[in-house]
Amino acid sequence: MNEYIDSVLVTKEEIAAMVSRLGEQISNEYRGKNLVVVGVLKGGFVFMADLVRAINIPCQMDFISVSSYGCSTKSSGVVRLIKDIDIPLNDKHLLIVEDIIDTGLTLTYLKEMFKARNPLSVKICTAFDKPSRRKVEIKAEFCGIEIPDEYVIGYGLDFKEKLRNIPDLCILKRKFYE
Ligand code: IMP
Ligand code: MG
């Protein structure tokens, strides 16, 4: 997979430290509350798997699948719901777990969609954040690591549906998308 990697942006050790910090914050915030953690597929699955094991309070888990990019490296702005959660959200606190916030379009759509189901609260946890690329204002209450405007792969993030299995967060070589 090395032929795709320009450089490592965040090492797996730095990611592990970030995950423990977020797990602790989330456990403190939701202790004694009914928490549902919802992972956004597909990109969020690696982070979700690590994060829930860093959370030390009981919580329900579910997944939602959306498609925002299709197979290109640019956001289309169109969010398509492919799979919904099956857990009802009334009397629950909802935490949405995403791999990365880029334009913010995906999470804005999801947050509004979930709010309409009247949970007690809706918050966002993201592993990575590219604040410089925002098209709509949205902030994660729990944010891992801010990164510059680069196309990144690994730790769940794909290029053309591949390379999600790279353990570090890496910058994709420009020749693949320019
Ligand atoms: P947004 O709607 O523009 O915020 O995009 C969010 C989604 O786009 C993420 O969940 C990722 O799946 C994808 N995405 C954004 N930036 C990158 C990147 O650098 N590499 C791979 N996927 C990305
Ligand atoms: Mg993606």
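All ligand and atom numbering here is 1-based and tracks the order in the structure.
- The shortest N or O to N or O distance between G104 and ligand 1 is below 3.5 Å.
- Atom numbering of ligand 1 starts at 1 in the shown order; those under 4.0 Å from a heavy atom of V152 are 18 (C), 19 (O), 20 (N), 21 (C).
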May I have the step-by-step check of side-chain contact (heavy atoms from CB on, under 4.5 Å) for F63 and M48, ending in yes or no? CA-CA 9 Å; F63 290 92; M48 174 82 172; 3.6 Å; yes
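- The ligand atoms of ligand 1 that sit less than 4.0 angstrom from a heavy atom of T106 are 1 (P), 2 (O), 5 (O), 6 (C).
- With C170 as the partner, the side chain to side chain contact (heavy atoms under 4.5 Å, CB included) test is satisfied by one option alone out of L157, I153, N2: I153.
- The distance from ligand 1 to the heavy atoms of L105 drops below 4.0 Å at these ligand atoms: 2 (O), 4 (O).
- Y30 and L120 are not part of a single hydrophobic cluster, where members link through side-chain heavy atoms under 4.5 Å apart.
- The D158 neighbourhood of ligand 1 comprises atoms 21 (C), with distances under 4.0 Å to a heavy atom of that residue.
- Between R117 and D84 there is a salt bridge, since a side-chain N of the basic residue sits under 4.0 Å from a carboxylate O of the acidic one.
- E150 and R174 are joined by a salt bridge, as a carboxylate oxygen and a charged side-chain nitrogen come within less than 4.0 angstrom of each other.
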When you look at F47 and M18, which way does the side-chain contact (heavy atoms from CB on, under 4.5 Å) test go after all the steps? CA-CA 11 Å; F47 178 46; M18 170 268 277; 4.1 Å; yes
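- In V79, neither the side chain nor the backbone holds a heavy atom less than 4.0 Å from any atom of ligand 1.
- Annotation for ligand 1: atoms under 4.0 Å from non-hydrogen atoms of K130 are 16 (N), 17 (C), 18 (C), 19 (O).
- For ligand 1, the atoms sitting less than 4.0 Å from at least one non-hydrogen atom of L157 are 20 (N), 21 (C), 22 (N), 23 (C), numbered in the order shown with element in parentheses.
- Classification of R134 and D129 as a salt-bridged pair holds, one side-chain N sitting under 4.0 Å from a carboxylate O.
- Less than 4.0 angstrom separates some heavy atom of E150 from each of these atoms of ligand 1: 19 (O).
- No part of K135 comes within 4.0 Å of ligand 1, judged by heavy-atom distances.
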